[in-house]
Q: 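Handing you this structure, nothing more for now.
Keep in mind it's a predicted model, so treat the numbers as computed, not measured.
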Amino acid sequence: DCFLITVTLRWQLITNMSRPQDEMAEEGEEVFRNLTEVKKSQIVMPCHANHRQELSVGQLLKWMDSTACLSAERHAGCPCVTASVDDIHFEHTIGVGQVVNIKAKVNRAFNTSMEVGIVVNCEDLFSDSHWRVCQAFATFVTQRTTGGKLRPLVPRTQEEQVEHSLAAERRRMRLVHADIMKDLLTNRAFQQVEVQEAEKAVPAERTQVESVELVLPPHANHQVNTFGGQIMAWMENVATIAASRLCNAHPTLRSIDMFHFRGPSQVGDRLVLKAIVNNAFKNSMEVGVCAEAYQGEEPLRHINSAFMIFEVCDRDGKPCTLPKIQPEPLEGRRRYQEAIARKKIRLDRKYIISCKQTEVPLSVPWDLSNQVYLSYNNVSALKMLAARNNWVLNSEKNKVSLYTLEQKQVLSFKIEFEADVPAERAFMVLSDLSKRVEWDPNYEWVSWVSVCTDTGPSLMRWMVQDFILLASRRPPCDSGDPYVIALRSVTLPTHPPTEGYNRGEVLCAGFSIMEVSNTISYFNQASPEVLPYISTDIAGLSSSFYGTFCTCSTFLQDNRDNPTPKDQPPSSTLNSTLL
């Protein structure tokens, strides 16, 4: 669940700090080799390259898929096939003579599927320089004949614990990806999009490409199923031809949207590959590709569809302006509109999910189309903060502990206590943030955004602050996972900063509730607006945190058996409610 709230707090402004940053690199961590880790190093030969003497993306996809498949099979102990691959953004190209280093390892195993993380780096042997090319997350499913669930993967290092936790969040996004697209296309704004007429627009039918490939044994794995990477390589080939026909130049593939394999292909299949430019934007174009298979006289089977983004760069590497596209009637116009919707989703996913925490704007505008990605970013940031292993105990009083973490001039704090309340009940009670004023003296009121009125005391010795927060709730994915309530700032056009208030911002905060130990931890990455709340406690000048969270524990006890408020969203649904 995720919902938006507006919060007013009364804090005394004491000091200022630089904006928090979120880096996961930890010094002194013991090196541990994941048993599922598989590495592949390959020098790029001319036979792997395109006309620019750069590694073909299709060849790279084949290497990535085979490496990830070996990692998945190492954990599963049986044959595996590619089910889906998340968005891939290619940051750099790779030239002939350079070395491609690919590392793949299983992040998390579910019942019959597992997520494999793939990292691709490039190495120049002459300058001894290294750089990141891309990162991907692929889902593999087992092909066991005996059935049964996969054995769980036990994370050992801090990095593995973070990826293990975030894998569940990424899985949630994959499951709702189609619904996000469907909801966006039903938006009236997208339904009213009109094709922009241009004098020199290129007819879309001119960019159509169709090609047939015969699946031979070298294209398949030991189970005679066609490698997913091989299919993607063929799809990239026809997509490149389609893109070239629009711009009459050699395009560069920049990204591939999330795609799912809808069915298997085997040796002996004829693979029919079709591509067409769906839409051309100012500096980029989207090419839709479809792969279908058949044998003999049987009907075509849909294997995969993908959407690839191309650019054309000049000699200085800057994107060139592309000609307009004139879509075909009916189906062409539908693809034209869907390409605009996918561009919106693509930007949300790239700048909210794929970037590092420090590269994401602190208060991202919230709307229905990006709520899932903002919620992912919200929960993942809190899980990454909680996973850090160098928290320092600052003070403790009657089993209420205050921890701090200083890293790169960023101060984070954690308050940990126990409550004799079932974890699920504590999760539901603490999720109702409208009740926080009953145990946290720093909160003046919490209101539904849809009905709130921004009023409050005047600015005197104390500085009154209001916040617009996205609150995301996550029950455990399986045993051992915590209940999570994550908070972060967002912006709403309907709620600009109010006169008489200082609009505060929260980067990362929330609760983590462990079911086994009944331990409740509150985390906060202190922004300048948040620091006054805790600075006197960290300095040892007071212990107000003790009183606040003792009151919280009492509040949980008092509400242990009370029914869940009717206006609170149930934890079993994924929705956005404006508070």
Side-chain angles (χ1 to χ4, degrees), residues 24 34 36-42 55-75 80-94 100-110 113-122 130-141 153 159-160 162-164 166-175 177 227-236 239 252-261 289 304-310 342 345-346 348-356 373 376-377 380:
M24 286 307 299
N34 189 312
T36 69
E37 186 177 290
V38 174
K39 294 182 179 181
K40 179 182 181 68
S41 294
Q42 180 74 49
L55 174 64
S56 163
V57 174
Q59 181 63 60
L60 177 59
L61 291 170
K62 290 168 61 176
W63 288 340
M64 291 170 62
D65 181 68
S66 61
T67 308
C69 183
L70 291 174
S71 174
E73 292 184 346
R74 179 174 287 183
H75 177 73
C80 297
V81 294
T82 313
S84 68
V85 180
D86 292 358
D87 297 0
I88 306 177
H89 302 280
F90 300 99
E91 303 172 22
H92 299 282
T93 58
I94 306 172
V100 180
N101 295 312
I102 304 174
K103 181 172 71 174
K105 62 179 179 180
V106 177
N107 291 331
R108 185 162 187 161
F110 301 97
S113 66
M114 67 203 93
E115 180 191 276
V116 180
I118 312 164
V119 177
V120 181
N121 291 293
C122 184
H130 299 74
W131 58 90
R132 172 74 64 88
V133 175
C134 67
Q135 181 180 23
F137 297 99
T139 300
F140 284 80
V141 295
L153 182 72
E159 179 185 358
E160 289 181 3
V162 172
E163 290 299 338
H164 183 268
L166 297 185
E169 292 302 309
R170 287 188 286 264
R171 185 168 183 256
R172 293 176 193 269
M173 286 198 305
R174 295 181 196 113
L175 296 176
H177 179 70
F227 273 118
Q230 178 63 67
I231 297 175
M232 289 305 302
W234 285 332
M235 296 175 75
E236 185 267 341
T252 300
L253 180 60
R254 291 302 184 194
S255 66
I256 303 175
D257 283 2
M258 178 190 296
F259 59 86
H260 301 264
F261 285 94
V289 195
N304 189 12
S305 291
F307 302 97
M308 304 184 181
I309 311 305
F310 288 85
R342 278 188 293 270
I345 293 176
R346 196 177 299 122
D348 289 338
R349 290 175 63 86
K350 180 178 180 181
Y351 290 107
I352 297 176
I353 296 176
S354 302
C355 294
K356 296 179 181 178
Y373 310 127
Y376 168 85
N377 178 269
S380 63

Q: Can you sort out the partners of E115 under salt bridge (Lys or Arg N to Asp or Glu O under 4.0 Å), two or more places apart, ordered by chain and number?
A: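 Listed in chain order: R170, R174.
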Q: Check ring pair (Phe, Tyr, Trp, His ring centres under 6.0 Å) between F261 and all other residues, then give those that pass, not counting sequence neighbours.
A: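 F261: ring pair (Phe, Tyr, Trp, His ring centres under 6.0 Å) contacts with F259.
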Q: Provide the closest heavy-atom pair for R108 versus A167 in the form atom of the first, atom of the second, distance.
A: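 Nearest pair, atom of R108 first, then A167: CB-CB, 3.6 Å.
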Q: Where do M232 and N304 come nearest, in terms of heavy atoms and distance?
A: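 Looks like SD-ND2, 3.5 Å.
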Q: Please enumerate all residues that pass side chain to side chain contact (heavy atoms under 4.5 Å, CB included) together with L153, with sequence neighbours excluded.
A: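 Residues passing side chain to side chain contact (heavy atoms under 4.5 Å, CB included) with L153: T36, H75, V106.
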Q: Once ring pair (Phe, Tyr, Trp, His ring centres under 6.0 Å) is applied, do any residues pair with F307, and if so which ones, sequence neighbours excluded?
A: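 For F307 there are no ring pair (Phe, Tyr, Trp, His ring centres under 6.0 Å) partners, ignoring immediate neighbours.
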Q: Specify the closest pair of heavy atoms between G117 and F137, including all atoms of both residues, with the distance to one decimal.
A: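 Scanning both residues completely, I find the closest heavy atoms to be CA-CD2, 4.0 Å.
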Q: Please list, chain by chain and in numerical order, all residues satisfying salt bridge (Lys or Arg N to Asp or Glu O under 4.0 Å) with K39, sequence neighbours excluded.
A: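 Partners of K39 under the salt bridge (Lys or Arg N to Asp or Glu O under 4.0 Å) test: E37.
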Q: Within the distance-only criterion (no hydrogens, no angle test), does the side chain of D87 pair as donor or acceptor with the backbone N or O of M258 below 3.5 angstrom?
A: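 Such a contact is found between D87 side chain and M258 backbone.
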Q: Please name the residue in the list L253, V57, D257 that meets the side-chain contact (heavy atoms from CB on, under 4.5 Å) test with M308.
A: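 Output: one option passes, namely L253.
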Q: Tell me, please, which residues at least two apart from A104 pass side chain to side chain contact (heavy atoms under 4.5 Å, CB included).
A: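 For A104 the side chain to side chain contact (heavy atoms under 4.5 Å, CB included) partners, ignoring immediate neighbours, are T67, A68, S71, V116, I118.
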Q: What are the two closest heavy atoms between W131 and T93, and how far apart are they?
A: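 Smallest heavy-atom distance, with atoms named: NE1-O, 4.0 Å.
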Q: Specify the closest pair of heavy atoms between K62 and G229, including all atoms of both residues, with the distance to one decimal.
A: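 Heavy-atom minimum between the residues: CG-O, 3.3 Å.
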